[in-house]
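Below is one structure; the comments refer to it alone.
Start at 1 with the first residue, then count along the sequence. These values consider heavy atoms only, across backbone and side chains, with no hydrogens, waters or symmetry-generated copies.
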Amino acid sequence: SPHLESEATVIVTVLDKNDNNPRFINKDFNFFVPENFPDLGEIGVIGVTDADASKNGWIALSISNGSDIFVIDSGKGTLRAKIPLDRELQSSYVLWVEAVDGGVPPLSSSAKVTVLLLDINDNPPIVLFPQSNMTYLLVLPSTLPGSSI
């Protein structure tokens with residue numbers, strides 16, 4: 001019998017499997033901002049990547065330890081404060097940011113974010129003693145340093 005032969009082009013498409021967790025670019029993030037930073041001002045950007053393709057590599061960010069003060073842009077990773085921050089009330093904040101990918105089942109990871117407030121000179125001095133402007137003590141310029149008054 002004669003030898004039969006044919007030829008065909010076959011295209012193989014390899015589909016992505018959701019086998020990579022989202023990865024933060026840093027294990028911890030530290031941001032230093034001056035107190036009284038404007039509402040919704042950009043404090044910093046939380047960088048995260050996922051090696052998977054299409055929806056498996058899509059990442060949603062959220063603040064997992066519940067914060068009424070901060071908000072994060074889920075797509076861009078921009079961290080903002082909803083209210084002015086006052087260092088005299090609280091000098092630092094610790095947040096946990098969770099990244100969840102779009103795979104089925106979804107994979108996730110977390111990173112610690114610390115926001116440290118820098119003090120600015122926003123409070124006038126308060127004179128505690130004497131309590132009246134009528135009481136004062138005159139110290140002469142000739143008084144030697146370390147002298148008892």
task: Check the pair Val113 / Val94 against side-chain contact (heavy atoms from CB on, under 4.5 Å), numbers first and verdict last.
output: CA-CA 6 Å; Val113 177; Val94 176; over 6 Å; no

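Separation of atoms CG (Leu79) and CD1 (Ile43) is listed at 4.5 Å; rounding is to 0.5 Å. Interatomic distance, Asp52 CG to Asn21 CG, rounded to the nearest 0.5 Å: 9.0 Å.
When the side-chain contact (heavy atoms from CB on, under 4.5 Å) test is applied to Ser91, the partners found at least two apart in sequence or on another chain are Arg87. Judged as a side-chain contact (heavy atoms from CB on, under 4.5 Å), and not counting sequence neighbours, the contacts of Ile120 are Pro34, Glu35, Asn36, Asp122. Residues passing the side-chain contact (heavy atoms from CB on, under 4.5 Å) test with Leu144 are Ser147, sequence neighbours excluded. The ring pair (Phe, Tyr, Trp, His ring centres under 6.0 Å) check on Tyr93 picks up Phe70, with sequence neighbours excluded.
The ring-ring contact (aromatic ring centres under 6.0 Å, His included) analysis of residues 25-52, with sequence neighbours excluded, yields no pairs. Screening residues 69-85 for side-chain hydrogen bond (donor to acceptor under 3.5 Å, both in side chains) gives no qualifying pairs among residues at least two apart or on separate chains. Among residue pairs with one or both ends in residues 42-51, none qualify as side-chain hydrogen bond (donor to acceptor under 3.5 Å, both in side chains); sequence neighbours excluded.
Transitive grouping of hydrophobic side chains (ILVMFWY, heavy atoms separated by less than 4.5 Å) keeps Leu116 and Val33 in distinct clusters.
Using a 4.5 Å cut-off on side-chain heavy atoms (C-beta onward), Leu85 and Ile69 make contact.
Grouping Ile, Leu, Val, Met, Phe, Trp and Tyr by side-chain contacts under 4.5 Å, direct or through others, puts Leu40 with Val71. Val45 belongs to no hydrophobic cluster with other residues, because no ILVMFWY side-chain heavy atom falls under 4.5 Å from its own, directly or through intermediates.
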Below 3.5 Å, can you tabulate the donor-acceptor pairs from side chains in residues 5-17 to any protein atom, sequence neighbours excluded?
{"residue": "Asp16", "atom": "OD2", "partner": "Ala53", "partner atom": "N", "Å": "2.9"}
{"residue": "Asp16", "atom": "OD2", "partner": "Asn56", "partner atom": "ND2", "Å": "3.1"}

Return a table of donor-acceptor pairs under 3.5 angstrom between the side chains of residues 96-112 and protein atoms on other chains or two or more places apart.
{"residue": "Asp101", "atom": "OD1", "partner": "Asn18", "partner atom": "ND2", "Å": "3.2"}
{"residue": "Asp101", "atom": "OD1", "partner": "Gly103", "partner atom": "N", "Å": "3.2"}
{"residue": "Asp101", "atom": "OD1", "partner": "Leu107", "partner atom": "N", "Å": "2.8"}
{"residue": "Asp101", "atom": "OD2", "partner": "Asn18", "partner atom": "ND2", "Å": "3.3"}
{"residue": "Ser109", "atom": "OG", "partner": "Pro22", "partner atom": "O", "Å": "2.7"}

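Summarising the local packing, CG of Asp28 is surrounded by more than 12 heavy atoms from other residues, nucleotides or ligands at distances under 6.0 Å.
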